2 protein chains.
Amino acid sequence: MSNEIDKKLEQKNIKPTAMRELVYEVLDKNKKALSLYEIEQQFENVERSTIFRTLKTFQDKLLIHSVDDGSGAVKYALCDDDCTCSLDDLHYHFLCTKCGQTHCLKNMPIPKVDLPEGFNFENANFVIKGTCPNCQG
Amino acid sequence: MSNEIDKKLEQKNIKPTAMRELVYEVLDKNKKALSLYEIEQQFENVERSTIFRTLKTFQDKLLIHSVDDGSGAVKYALCDDDCTCSLDDLHYHFLCTKCGQTHCLKNMPIPKVDLPEGFNFENANFVIKGTCPNCQG
DNA sequence: GAATCACATGCAACAGTATTGCAAAGTTAT
DNA sequence: ATAACTTTGCAATACTGTTGCATGTGATTC
């Protein structure tokens, strides 16, 4: 039944369990970055800590990436199939100040940055805040 | 004695009190963005909430700006004299993954971003992670 | 100078998110 | 079936941020 998902999990060396399939499904379905709490809300009786550890596993295995958008909670979103969470895969994120949703702007890679002497680039987190298409008017 | 600092505070319509002078001094002295906790550490017996409210006041009056660098704690840094915390004053921040220090790259304004249709820019938070000049080797 | 007022501070309590220890349940290999 | 290992659920805790309330302090008015 959830063969598709299992395949995705196994591709990233994650043992597919019921829990993991469900969390994956939620992330896949929502098409945006979700916080631990938001994911928890989509289930009836699932432990926060379980989801927390599931997300941690996913992140370690590069299945998802996390964004700290300044909303107070870290949010998680699926990586693209070919994502290696390397520098080239970094993209902008957009936090809507009205609805609180965080969108991955995956087609907007972050630009090269010329850092001052002595600074060494490892990673970046570029978050833009404003209103999203759903909240215009 | 702290006339210089008082002047800065009054310029921004902040009544200068002992507490506020001290917090300002700490921020000024450190030349980098500090978390509430880090500021608290530099005093002996000062209430967290007092510093918290002092920072809030400073921020309301545009004396400081805050950065959420993803380290788990929001950090605060003095604005430049002519800063109005408007879009033009936004700059990159750099979080060192070794020492945990957050540097304001004030001479690096963030670039204009072309957002997809429907997205409306209000604010931005660009944090680069890596190693800082003090932690090379 | 005393009464009054506005604001700042300190204390304590609380809220939200993240995180861990431990035991039970489930899975895999032998 | 047993042993070894992994995942899950529960409970407890840590950390950061935040607020209510009482007290203190300085400015203002009379």
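A note on names: the letters A, B, ... follow the listed sequences, proteins ahead of strands, and every chain is numbered from 1. Only a predicted model underlies this, so the values are computations on that prediction, with no experimental measurement involved. When reading the values below, keep in mind they use all heavy atoms of this one structure, side chains included, and skip hydrogens, waters and symmetry mates.
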- Task: Could you walk me through whether B:Lys8 and B:Asp81 pass the salt bridge (Lys or Arg N to Asp or Glu O under 4.0 Å) test, one step at a time?
- Result: CA-CA 9 Å; B:Lys8 298 261 187 198; B:Asp81 283 349; 3.1 Å; yes

- Message: Classify A:Thr17 by what it touches in the nucleic acid, base, sugar-phosphate, or nothing, heavy-atom distance under 4.0 Å.
- Response: sugar-phosphate

Between [atom2] of [N] and [atom1] of [X], the distance in whole Å:
| X | N | atom1 | atom2 | answer |
| --- | --- | --- | --- | --- |
| B:Met19 | D:dG26 | CE | C1' | 17 Å |
| A:Ile14 | D:dT8 | CD1 | P | 12 Å |
| B:Ile51 | D:dT16 | CD1 | C1' | 13 Å |
| B:Glu47 | C:dG10 | CD | P | 7 Å |
| B:Ile39 | D:dC15 | CD1 | C1' | 16 Å |
| A:Leu22 | D:dT7 | CG | P | 16 Å |
| B:Arg20 | D:dG26 | CZ | C1' | 13 Å |

Check the hydrophobic clustering (I, L, V, M, F, W, Y; side-chain heavy atoms under 4.5 Å; chains of links allowed) and say if [X] and [Y] are grouped together.
| X | Y | value |
| --- | --- | --- |
| B:Leu95 | B:Leu90 | no |
| A:Phe52 | A:Leu34 | yes |
| B:Val26 | B:Leu9 | yes |

- Determine the minimum heavy-atom distance between B:Leu55 and B:Ile64, stating which atoms define it. O-CD1, 3.5 Å

- Message: Could you check whether atom CG of B:Asp82 has more than 12 heavy atoms from other residues, nucleotides or ligands sitting under 6.0 Å from it?
- Response: yes

- Message: How about OH on B:Tyr37, more than 12 heavy atoms from neighbouring residues, nucleotides or ligands closer than 6.0 Å, or not?
- Response: no

- Message: Angle between the two end axes of the helix from C:dG1-D:dC30 to C:dT30-D:dA1, five base pairs per end, rounded to 10 degrees?
- Response: 10°

Which side-chain N or O atoms in residues 104-111 of chain A pair as donor and acceptor under 3.5 Å with protein atoms at least two apart or in another chain?
residue: A:Lys106; atom: NZ; partner: A:Leu78; partner atom: O; Å: 2.8
residue: A:Lys106; atom: NZ; partner: A:Asp80; partner atom: OD1; Å: 3.2

Mind listing the side-chain donor-acceptor pairs of residues 115-134 of chain A below 3.5 Å, one per line with the distance, residues two or more places apart or on another chain?
residue: A:Asn120; atom: ND2; partner: B:Thr131; partner atom: OG1; Å: 3.4
residue: A:Glu122; atom: OE1; partner: B:Thr97; partner atom: OG1; Å: 3.2
residue: A:Asn125; atom: ND2; partner: A:Asp68; partner atom: O; Å: 3.1
residue: A:Thr131; atom: OG1; partner: B:Asn120; partner atom: ND2; Å: 3.4

What's touching nucleotides 15-20 of chain C from the protein side, N or O pairs under 3.5 Å?
residue: C:dA18; atom: OP1; partner: A:Val74; partner atom: N; Å: 2.9

- Positive for side chain to side chain donor-acceptor pair (under 3.5 Å) with B:His93, one of B:His103, B:Lys75, B:His65: B:His65

- Query: Who pairs with A:Glu40 by salt bridge (Lys or Arg N to Asp or Glu O under 4.0 Å), at least two apart in sequence or on another chain?
  - Reply: A:Arg48

What are the atom names and distances for every N/O pair under 3.5 Å that joins the protein to nucleotides 26-29 of chain C?
none

